[in-house]
Amino acid sequence: MSQHVFKRAGFLAATVGVAGLLGAGVASAHVTANVYGPQPTKGGYAAIVFRVPSEEPTTMTTKVAVDFKADYGVGSVRTKPVPGWTAEVTKSKLPTPITKDNGTQITEAVTAVTWTAQPGSELKATDYQEFSVSFGPLPTNVDQVEFPAHQTYSDGKVVDWTQATPAGGEEPEHPAPVVKLAAKAAEGDEHAGMSADTASTTGEHTEAAAGTSDNTARWLAGAGLLVGAVGLGVGAGATIRARKATAKSGGNS
C-alpha cells in the first residue's frame, strides 16, 4: 500500500478525532469523568480524567473537589501532577469495614480529592483543565460509579455538580460525573485485578512492540532495495555482454 494511502488514512483519522473532541466540548459544558482506554471493570482498578471547564465570565476557578462515596470502599488513590495545582486526598474511617472479593478489609476509604490552584494558575472563562486519578479496588455491586464534584470560583461562588441523571431520562442542569463499569473479569483471567501500574506497563509493552514492528518493516524495505539493486546489476551486465557478442559477430561477417 502506498505512503499516499497511509497519509490519507492518517489525515482522516485525525480529522474524525478532532471533530469528536470538539463535539464533546460543545455538548459537555460541565464537569465530566472520562476514560481514555479500556473501560474499568467491577472489582478492578480505574484511571479516570475529570475535565473541568471554567464558565463564569468575570471570575476564575480556583478549586475543584471530587467526592468518592465511602460505600465504594476505595482504598487508595493516586493523582497525576498538574502544573500550578496542588492535590489533596482525603480518607475517612468507615463505621463498618468493607471486605473486598479478594478478602482485603477496607477500614479507611478515600472520600474526596481536592485540587487547589496556586496564584496565577486559576482557570479563566475560556479555560479548562484535566485532573487525572488512578484508584481502586472498585465496587462489584454497582454498574456505575458517581463522583459528585464541587467547583469553587475566585469570588467564593461554589457550583455543585451533584445531580443524578435518571436512567433514560433527560440530563439535569448540574449532573454529577459518572463512569460506567464493565462486567467483572472471569475468575482466573490473567487481567483480573490488574492495577493501574500494570496498565501503565502494558502501554509501555505496546509501544515497544510497535517499535519492533517498525524496525522489522524498515529492515525488509532495505532488503528489498538491495535485491532490486542486485537485479539491476545483473540485467545491465547481461545487456553489455549481449551487445559485445553482437558487435563481435558483425565484425566477423
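Predicted model only: the values in this text are computed from it and were never measured. The figures that follow rest on heavy atoms only: side chains count, while hydrogens, waters and symmetry mates do not.
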Engineer: What pairs with Thr104 under side-chain hydrogen bond (donor to acceptor under 3.5 Å, both in side chains), at least two apart in sequence or on another chain?
Structural biologist: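 Partners of Thr104 under the side-chain hydrogen bond (donor to acceptor under 3.5 Å, both in side chains) test: Asn102.
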
Engineer: Trp161: what forms a side-chain hydrogen bond (donor to acceptor under 3.5 Å, both in side chains) with it, not counting sequence neighbours?
Structural biologist: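 By the side-chain hydrogen bond (donor to acceptor under 3.5 Å, both in side chains) rule, Trp161 matches Gln151.
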
Engineer: Would you compute the distance between atom CD of Glu130 and atom CG of Asn34 and round it to the nearest 0.5 angstrom?
Structural biologist: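 It comes to 6.5 Å.
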
Engineer: Just wondering, do Trp115 and Val133 contact through their side chains at under 4.5 Å, heavy atoms?
Structural biologist: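 Yes, their side chains come closer than 4.5 Å.
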
Engineer: Name all residues meeting the salt bridge (Lys or Arg N to Asp or Glu O under 4.0 Å) criterion together with Lys69; count only those two or more places apart in sequence or in a different chain, and write none if there are none.
Structural biologist: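 Listed in chain order: Glu146.
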
Engineer: Which distance, rounded to the nearest 0.5 Å, do you find between the NZ of Lys91 and the OG of Ser76?
Structural biologist: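 So the NZ of Lys91 and the OG of Ser76 are separated by 6.5 Å.
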
Engineer: Any donor and acceptor pair, going by atom type alone, linking the side chain of Lys184 with main-chain N or O of Gly44 inside 3.5 Å?
Structural biologist: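 The answer is no, because no donor-acceptor pair under 3.5 Å joins these two groups.
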
Engineer: Do the side chains of Val178 and Val35 join up, straight or via other hydrophobic residues, at under 4.5 Å, putting them in one cluster?
Structural biologist: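 In one cluster with Val178: Val35, no.
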
Engineer: Is it true that Val52 and Met60 fall in one hydrophobic cluster, defined by side-chain heavy atoms closer than 4.5 Å?
Structural biologist: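 Val52 and Met60: separate clusters.
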
Engineer: Could you check if a side-chain atom of Val145 sits within less than 4.5 angstrom of a side-chain atom of Tyr72, using non-hydrogen atoms only?
Structural biologist: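 Side-chain contact under 4.5 Å: yes.
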
Engineer: Nearest 0.5 Å, please: how far is CZ in Arg51 from OG in Ser132?
Structural biologist: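 Atom-to-atom, Ser132:OG and Arg51:CZ are 10.5 Å apart.
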
Engineer: Report the residues that fulfil salt bridge (Lys or Arg N to Asp or Glu O under 4.0 Å) with Asp71, sequence neighbours left out, ordered by chain and then residue number.
Structural biologist: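 So Asp71 forms no salt bridge (Lys or Arg N to Asp or Glu O under 4.0 Å) with any residue.
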
Engineer: With sequence neighbours excluded, tell me which residues meet side-chain hydrogen bond (donor to acceptor under 3.5 Å, both in side chains) with Thr59.
Structural biologist: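 Applying side-chain hydrogen bond (donor to acceptor under 3.5 Å, both in side chains) to Thr59 gives none.
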
Engineer: Could you work out, with salt bridge (Lys or Arg N to Asp or Glu O under 4.0 Å) as the rule, every residue matching Glu56, not counting sequence neighbours?
Structural biologist: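 Glu56 satisfies salt bridge (Lys or Arg N to Asp or Glu O under 4.0 Å) with Lys157 once adjacent residues are dropped.
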
Engineer: Would Phe135 and Tyr45 count as a close aromatic pair, with their ring centres under 6.0 Å?
Structural biologist: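 So the answer is no for these two rings.
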
Engineer: Side chains of Leu138 and Thr41, heavy atoms from C-beta outward: is any pair under 4.5 Å?
Structural biologist: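 Heavy-atom side-chain distance check fails, nothing below 4.5 Å.
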
Engineer: Is there a path of hydrophobic side-chain contacts, each under 4.5 Å between heavy atoms of I/L/V/M/F/W/Y residues, joining Tyr128 to Val64?
Structural biologist: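 No.
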
Engineer: Taking the side chain as every heavy atom from C-beta outward, state whether His174 and Asp160 have any pair of such atoms under 4.5 Å apart.
Structural biologist: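 Counting from C-beta outward, His174 and Asp160 never come under 4.5 Å.
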
Engineer: Taking all non-hydrogen atoms of both residues into account, name the closest pair between Val31 and Ala149 and its distance.
Structural biologist: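 Between these two residues, the closest heavy atoms are CG1-CB, 4.0 Å.
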
Engineer: Which pairs would a plain distance check flag for residues 119-126, meaning a side-chain donor or acceptor within less than 3.5 Å of a matching protein atom at least two apart in sequence or in another chain?
Structural biologist:
from: Glu122; atom 1: OE1; to: Gly120; atom 2: N; distance (Å): 3.0
from: Lys124; atom 1: NZ; to: Asp127; atom 2: OD2; distance (Å): 3.3

Engineer: Between Lys42 and Asp143, is the side-chain contact (heavy atoms from CB on, under 4.5 Å) condition met? List the steps.
Structural biologist: CA-CA 8 Å; Lys42 297 179 180 180; Asp143 295 325; 2.7 Å; yes

Engineer: List the residues meeting side-chain contact (heavy atoms from CB on, under 4.5 Å) with Val89, not counting sequence neighbours, and say none if there are none.
Structural biologist: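 Partners of Val89 under the side-chain contact (heavy atoms from CB on, under 4.5 Å) test: Val77, Thr79, Val110, Val113.
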
Engineer: Pro137 and Gly75: which non-hydrogen atoms are nearest, and at how many Å?
Structural biologist: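 Scanning both residues completely, I find the closest heavy atoms to be CD-N, 4.3 Å.
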
Engineer: Other than Ile106, what residues sit in its cluster of Ile, Leu, Val, Met, Phe, Trp and Tyr side chains whose heavy atoms are under 4.5 Å apart, directly or through others?
Structural biologist: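 Leu94, Ile98, all in the cluster of Ile106.
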
Engineer: Can you sort out the partners of Ser92 under side-chain hydrogen bond (donor to acceptor under 3.5 Å, both in side chains), two or more places apart, ordered by chain and number?
Structural biologist: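 For Ser92, the residues satisfying side-chain hydrogen bond (donor to acceptor under 3.5 Å, both in side chains) (neighbours in sequence not counted) are Thr111.
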
Engineer: Any side-chain heavy-atom pair from Glu55 and Tyr153 closer than 4.5 angstrom?
Structural biologist: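 They are in contact (side-chain heavy atoms under 4.5 Å apart), so the answer is yes.
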
Engineer: Taking ring-ring contact (aromatic ring centres under 6.0 Å, His included) as the definition, give me every residue that meets it alongside Trp85, ordered by chain and number, with sequence neighbours left out.
Structural biologist: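 By the ring-ring contact (aromatic ring centres under 6.0 Å, His included) rule, Trp85 matches Phe131.
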
Engineer: How far apart are the closest heavy atoms of Ala176 and Pro148, and which atoms are they?
Structural biologist: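 Closest approach of Ala176 to Pro148, heavy atoms only: CB-CA, 4.1 Å.
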
Engineer: Suppose we screen for salt bridge (Lys or Arg N to Asp or Glu O under 4.0 Å). Which residues come up paired with Glu88, at least two apart in sequence or across chains?
Structural biologist: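 For Glu88, no residue satisfies salt bridge (Lys or Arg N to Asp or Glu O under 4.0 Å) once neighbours in sequence are set aside.
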
Engineer: Can you find a heavy atom in the side chain of Thr140 that is under 4.5 Å from one in the side chain of Lys100?
Structural biologist: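 Side-chain contact under 4.5 Å: no.
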
Engineer: Measuring only between side-chain heavy atoms, which start at C-beta, is Val179 closer than 4.5 Å to Pro40?
Structural biologist: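 Sidechains of Pro40 and Val179: in contact.
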
Engineer: Hey, what do you get for NE2 (His150) to OG1 (Thr114), rounding to the nearest 0.5 Å?
Structural biologist: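 If I round to the nearest 0.5 Å, the distance is 8.5 Å.
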
